Undergrad: 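Dropping the structure in here first, questions after.
Quantities reported herein were computed from a predicted structural model and do not represent experimental measurements.
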Amino acid sequence: MFALVDCNNFYASCERVFNPKLEGKPIIVLSNNDGCAIARSEEAKALGVEMGTPAFMIEDLIRDNNIQVFSSNYSLYGDLSDRVMTILSSYAPQVELYSIDEAFLDLSQLAYEDLQELGQRIRATVRQHTGIPVTVGIAPTKTLAKMANRFAKKKRKDTGVHWLKGPEQILEALEFTAVGDIWGIGPQRAKLLLRNGFKTAADLIKAPEDWVLKQMTVVGQRLLNELRGIPSIEWELETPPKKSICTSRSFGKLMTEKKDISQAVANYTAACAEKLRTQNSCAEKIHLFLQTNPHRVEDPQYFRSITVPLTVASNNTPELTKTALWALNKIFRHGFKYMKCGIIVMDLVPATEVQSGLFDKKNRKKDGQVMQVLDKVNRQFGKELLRFAVQGYEKRYKLRQASLSPRYTTRIEEIVKVKL
DNA sequence: TCTGGGGTCCTAGGACCC
DNA sequence: TCTGGGGTCCTAGGACCC
């Protein structure tokens with residue numbers, strides 16, 4: 001049996017941990033740039049705030065119902081996530097950290113008789129130690145555990161735990177789950193399935209195997225197995241190194257000047273390079289994209305991207321920046337109002353296995369040491385103290401974050417103060 | 001009229017996830 | 001005025017090889 005533990009309305013719950021006055025009140029957390037609602041408390045959901053709604057479209061709803069609004073505070077969410085995951089890891093020998101707010105636990109080696117009771121204990125402990133409410137789904141496969149979790153959220157709000165103990169409970173969950181709500185079925189597949197008369201997961205498990213293979217490839221085949229109780233999705237017990245790393249942001253306001261965009265490109269590249277060094281990888285290619293705002297139909301639109309191979313794979317900030325700025329020069333056109341750009345470093349290889357170049361004149365060892373010092377200093381001070389001139393200081397493209405809460409758990413200056 | 005057969009590698013794009 | 005960010009996997013089709 002496997003468990004899927006999922007934090008309820010995670011970002012909204014994080015905001016509540018250090019601000020208990022928010023208990024029982026509608027809360028939403030906005031995406032970067034205070035763009036869209038990406039997390040909602042139950043009360044906000046009840047008011048009809050849909051996932052991904054642009055904030056400016058629900059201004060009236062927010063005002064009339066006194067919805068508490070927060071900008072995303074990833075320092076806080078990341079840290080609370082680590083704490084939740086640490087607790088979960090103490091309950092099972094094999095835990096897969098699936099996302100910032102979810103983990104799979106392998107319970108098969110454990111001697112527990114009553115998994116329902118175990119689920120409730122996990123839930124109580126996480127709540128007590130972190131303040132975060134979680135829901136637990138338990139079932140014979142990952143996909144069914146996801147389904148059990150969803151079932152618990154909808155139908156077992158009192159306990160927050162649901163165990164698909166036998167065929168009877170499995171069938172009940174399958175019948176309860178519309179095809180579009182199955183983990184691994186997105187809008188396209190859902191449409192296809194509905195067109196062909198499959199409404200719920202219970203219908204889908206009766207589908208002919210060759211039809212599923214033809215229409216939904218091997219992905220569908222695996223999914224069908226999982227729904228039938230045969231584990232078919234691999235476990236990732238340690239996080240594998242990333243194969244590509246992306247840093248992209250919308251600008252706080254539309255940008256027209258190349259020098260401003262260069263600054264953003266330099267900063268995004270520096271962020272990618274830092275992430276590369278953290279996982280000890282080098283990139284063989286760097287990809288840059290630049291775009292206008294597609295929502296502004298009245299404006300001329302421009303969307304370009306370019307991929308540049310590096311002669312020698314690298315994670316060196318100045319070297320990658322130089323290439324990125326060269327790439328920007330290639331695709332930048334005057335006369336557009338730019339909304340967003342991004343850097344993707346691709347084809348990552350372990351830093352220890354970099355193929356050196358025949359005509360390479362760089363002193364890579366020395367460059368690497370400089371980066372090491374830079375990372376060390378920046379980490380120690382908890383911010384980007386050391387940076388390169390092209391990154392600039394005043395960020396003209398900076399994000400809008402009007403309602404940012406304190407980084408309670410990772411910055412000593414922002415810790416909760418108690419008055420006696 | 002008629003134009004081989006079998007294989008690998010790479011890339012772009014689609015679909016999905018949170 | 002204002003519309004997120006960061007990933008993975010799979011397939012089809014083209015380029016190339018002998």
Side-chain angles (χ1 to χ4, degrees), chain A residues 4-11 28-39 49-60 62 69-74 77-78 81 96-104 142-143 146 149-150 179-193 213-223 232-234 236 239-254 268 271-272 275 279 284-285 287 289 291-299 305-307 309 337 339-348 399-403:
Chain A
L4 174 72
V5 182
D6 189 315
C7 301
N8 301 349
N9 317 324
F10 183 54
Y11 297 169
I28 59 173
V29 178
L30 302 178
S31 61
N32 268 334
N33 247 335
D34 292 346
C36 305
I38 53 166
V49 181
E50 295 292 327
M51 181 72 176
T53 314
F56 73 89
M57 288 185 179
I58 49 172
E59 275 167 3
D60 294 347
I62 290 172
V69 179
F70 293 90
S71 305
S72 310
N73 183 346
Y74 290 106
Y77 312 150
S81 170
E96 177 179 335
L97 308 186
Y98 178 65
S99 76
I100 193 165
D101 70 337
E102 280 173 71
F104 287 102
K142 282 182 161 183
T143 307
K146 269 276 197 185
N149 191 293
R150 184 173 172 279
V179 285
D181 293 324
I182 301 170
W183 185 47
I185 306 274
Q188 299 304 315
R189 307 289 191 211
K191 246 191 275 172
L192 171 85
L193 289 172
L213 181 62
K214 184 141 183 272
Q215 299 291 323
M216 300 167 66
T217 77
V218 295
V219 180
Q221 204 176 33
R222 258 196 313 256
L223 185 107
S232 306
I233 297 176
E234 287 297 313
E236 264 171 20
T239 27
K242 291 195 172 69
K243 297 175 178 177
S244 69
I245 293 174
C246 173
T247 305
S248 79
R249 294 282 177 281
S250 297
F251 306 131
K253 54 177 191 260
L254 296 175
Y268 300 172
C272 280
K275 293 179 206 167
Q279 74 159 27
E284 291 187 337
K285 285 181 192 157
H287 180 89
F289 66 88
Q291 66 179 87
T292 49
N293 185 347
H295 299 291
R296 290 176 63 105
V297 286
E298 68 277 21
D299 285 355
S305 69
I306 180 172
T307 306
K337 296 177 194 156
M339 177 192 71
K340 179 180 184 175
C341 73
I343 294 286
I344 307 174
V345 285
M346 307 188 309
D347 293 8
L348 308 190
L399 289 176
R400 276 190 308 274
Q401 289 185 311
S403 323

Undergrad: List in chain and number order the residues that pass salt bridge (Lys or Arg N to Asp or Glu O under 4.0 Å) with A:Asp181, two or more places apart in sequence or in another chain; answer none if no residue qualifies.
TA: A:Arg150
Undergrad: Determine the contact category for A:Ile344: base if any of its heavy atoms lies under 4.0 Å from a base atom, sugar-phosphate if only primed atoms, P, OP1 or OP2 are that close, otherwise nothing.
TA: nothing
Undergrad: Name all residues meeting the salt bridge (Lys or Arg N to Asp or Glu O under 4.0 Å) criterion together with A:Glu284; count only those two or more places apart in sequence or in a different chain, and write none if there are none.
TA: none
Undergrad: Could you pick out which residue, A:Leu254 or A:Lys275, lies toward the 5' side of DNA chain C when each is mapped onto its nearest nucleotide?
TA: A:Leu254
Undergrad: So A:Lys243, base contact, sugar-phosphate only, or nothing? Heavy-atom distance under 4.0 Å.
TA: sugar-phosphate
Undergrad: Give A:Asp34 one of three labels, base, sugar-phosphate or nothing, depending on what nucleic acid heavy atoms sit under 4.0 Å from its own.
TA: nothing
Undergrad: Applying ring-ring contact (aromatic ring centres under 6.0 Å, His included), can you list everything that pairs with A:Phe104, at least two apart in sequence or on another chain?
TA: A:Tyr98, A:Trp183
Undergrad: What contact category does A:Thr247 fall into here, base, sugar-phosphate, or nothing, at under 4.0 angstrom with non-hydrogen atoms?
TA: sugar-phosphate
Undergrad: For DNA chain B, which consecutive runs of 3 or more Watson-Crick or G-U pairs (each distance under 3.5 Å) count as stems?
TA: B:5-18 with C:5-18
Undergrad: What contact category does A:Ile182 fall into here, base, sugar-phosphate, or nothing, at under 4.0 angstrom with non-hydrogen atoms?
TA: sugar-phosphate
Undergrad: From the 5' end of DNA chain C to its 3' end, which nucleotides mark the outer limits of contact with chain A, defined by a 4.0 Å heavy-atom distance cut-off (strictly under)?
TA: C:dT1 to C:dT11
Undergrad: Which is true for A:Asn33 with a 4.0 Å heavy-atom rule: it touches a base, it touches only sugar-phosphate, or it touches nothing?
TA: nothing
Undergrad: Could you pull out all residues at least two apart from A:Asn9 that satisfy side chain to side chain donor-acceptor pair (under 3.5 Å)?
TA: A:Glu42, A:Lys45
Undergrad: Which residues pass the side chain to side chain donor-acceptor pair (under 3.5 Å) test with A:Lys275, sequence neighbours left out?
TA: A:Thr247
Undergrad: Excluding sequence neighbours, so at least two apart, what forms ring-ring contact (aromatic ring centres under 6.0 Å, His included) with A:Phe10?
TA: none
Undergrad: Tell me what A:Pro294 touches on the nucleic acid: a base, only sugar-phosphate, or nothing, going by heavy atoms under 4.0 Å.
TA: nothing
Undergrad: When rounded to the nearest Å, what value does the distance between P atoms of B:dT3 and C:dC18 take?
TA: 25 Å
Undergrad: So what does A:Ile245 hit on the nucleic acid, given a heavy-atom distance under 4.0 Å: a base, only sugar-phosphate, or nothing?
TA: sugar-phosphate
Undergrad: Side-chain polar contacts of residues 49-59 of chain A - donor-acceptor pairs under 3.5 angstrom, sequence neighbours left out - could you list them?
TA:
| residue | atom | partner | partner atom | Å |
| --- | --- | --- | --- | --- |
| A:Thr53 | OG1 | A:Glu50 | N | 3.4 |
| A:Thr53 | OG1 | A:Glu50 | O | 2.6 |

Undergrad: If we ignore hydrogens and angles and just use 3.5 Å, is the side chain of A:Ser31 paired with the main-chain N or O of A:Cys36 as donor and acceptor?
TA: yes
Undergrad: Relative to each other, are the rings of A:Tyr11 and A:Tyr74 parallel, tilted or perpendicular (30° and 60° limits)?
TA: perpendicular
Undergrad: For a quick check of understanding: with a heavy-atom distance under 4.0 Å over all strands, which category does A:Thr53 fall into, base, sugar-phosphate or nothing?
TA: nothing
Undergrad: Look at all strands and tell whether A:Lys191 reaches a base, only sugar-phosphate, or nothing, counting heavy atoms closer than 4.0 Å.
TA: nothing
Undergrad: 5'-most contact on DNA chain C: A:Pro241 or A:Met57, nearest heavy atom basis?
TA: A:Met57
